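Just so we're clear, the structure is a prediction, and the values are computed from it rather than from any experiment. Atom set for the values below is all heavy atoms of this structure, side chains included, hydrogens, waters and symmetry mates excluded.
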Amino acid sequence: MDDDTRSKDLTLPEDEPWMSHGFISKIAAQVSLPYRRPKDGVKEIERRNGSLVVRYVSGADCLPYGKYPRLFELWACTMIKTNDPCFDPETNTLHLGTTFREFLRLIGVQVGGRQLKSIKPQLERLCKCVYIISNNTENTSQGVNFTVAEKYQIDWLRNEPQSHGLFENWVQLSQRYVDMLRDHPVPVDLKVIARLRKPMAIDVYWWLTKRVYNLHEPVTITWQQLYRQFGSDTKELWKFKQNFKDAVAEVVEVYPCRITLGPQRVTVFPNRTSVPTVAQARAVERRRRREAPARPAERRESPREDVEARWIEVRGWGNVWMTSELFDVGQARAHLEGAVDPVSCPVCAYDERNRALHGYMQESLF
């Protein structure tokens, strides 16, 4: 079975503690930036994952590489997804100040003069990087091209007091880059990321927690597919295998995930996502209710709003007309994604208002 990279939203419970998790773009969870500085002056690379093809083109001395560009995108995606005040949606401007420093400390990166000297050029390379993304099939061609940032000022990385210049330093992101970060981002556990040392381990973790979402049977991926997806600092496939195995070993120490690494293929087994989704949290709650003995005195009539139909939001997907009692997030997503036929769709069958929205998410590029 090939690697299925269709987008599915990983919706989190609303009562998750602040900054217990972050978000990464679903593109970053499927393909990877370089791990080390590309050799021989290479300023353009291509990554593939199924029908998804991403070409990274450098607008600087070289492509962004290593840990810091990944952590910046993680931070930017998290700030945008959580509507943090440091992001101005009207101008697409991210105000850095001390916010990025605090985020780095949260995930275990000590911020000092030496680290800042490494971060500064990497962020400049990322800001100037061009993404060329396509997702073509036999019948359709879809694509989008953009530069990460339109303007930026990162003088704050010099040795200046943290209390000085808060919100005076910024990156104005391009609209298409913001759209990419907003489009079904993948929730990740910051405590896990804090314990991952290698950039490839970070990529493998992001890929695994997205890949196991809604996975009901084992999926196999060839080593050649993984090589095209993750890339490598070496042209030898055997060396890539060893690097990948080392990265997986680092990940499973902090995120228990069933994955086997065979001589020809890698197999990923159904597993819980790293950050529990709404569906997983509800499943746990249903089990608790079944296991708890029912008490007649506790049986009360449901609130009125639970039995009356209303528009229920599926965050990041759309809305369905349904009662709270009958609402099922999996059915709602399948309905909005058009993954089921309208004739057999239970959401469409419930009310004709839902039929007009069937397959609504198919309009999303990725």
Basic-acidic side-chain contact under 4.0 Å: Glu124, Lys120: yes
Non-hydrogen side-chain atoms of Cys77 and Met180 separated by less than 4.5 Å: no
Quiz item: cation-pi between Arg176 and Phe146, 6.0 Å / 45°: no
Closest non-hydrogen atom pair, Arg47 against Gln229: CD-O, 3.3 Å
Other ILVMFWY residues reachable from Val130 by side-chain steps of under 4.5 Å: Val57, Ile132
Any Leu33 side-chain heavy atom under 4.5 Å of Tyr56 side chain: yes
Residues which pass side chain to side chain contact (heavy atoms under 4.5 Å, CB included) with Lys43, listed by chain and number, not counting sequence neighbours: Ser58
Worked check of ring-ring contact (aromatic ring centres under 6.0 Å, His included) between Tyr35 and Tyr65: CA-CA 5 Å; Tyr35 299 113; Tyr65 63 89; over 10 Å; no
same_hphob_cluster(Phe230, Leu196) at 4.5 Å side-chain heavy-atom cutoff: yes
Plane angle bin for His21 and Phe23 - parallel if under 30°, tilted between 30 and 60°, otherwise perpendicular: perpendicular
Glu150 and Tyr177: side chain donor to acceptor below 3.5 Å: no
Under 3.5 Å donor-acceptor, Tyr205 side chain and Asp189 backbone: yes
OG1-CG distance between Thr91 and Leu173, expressed to the nearest 0.5 angstrom: 9.5 Å
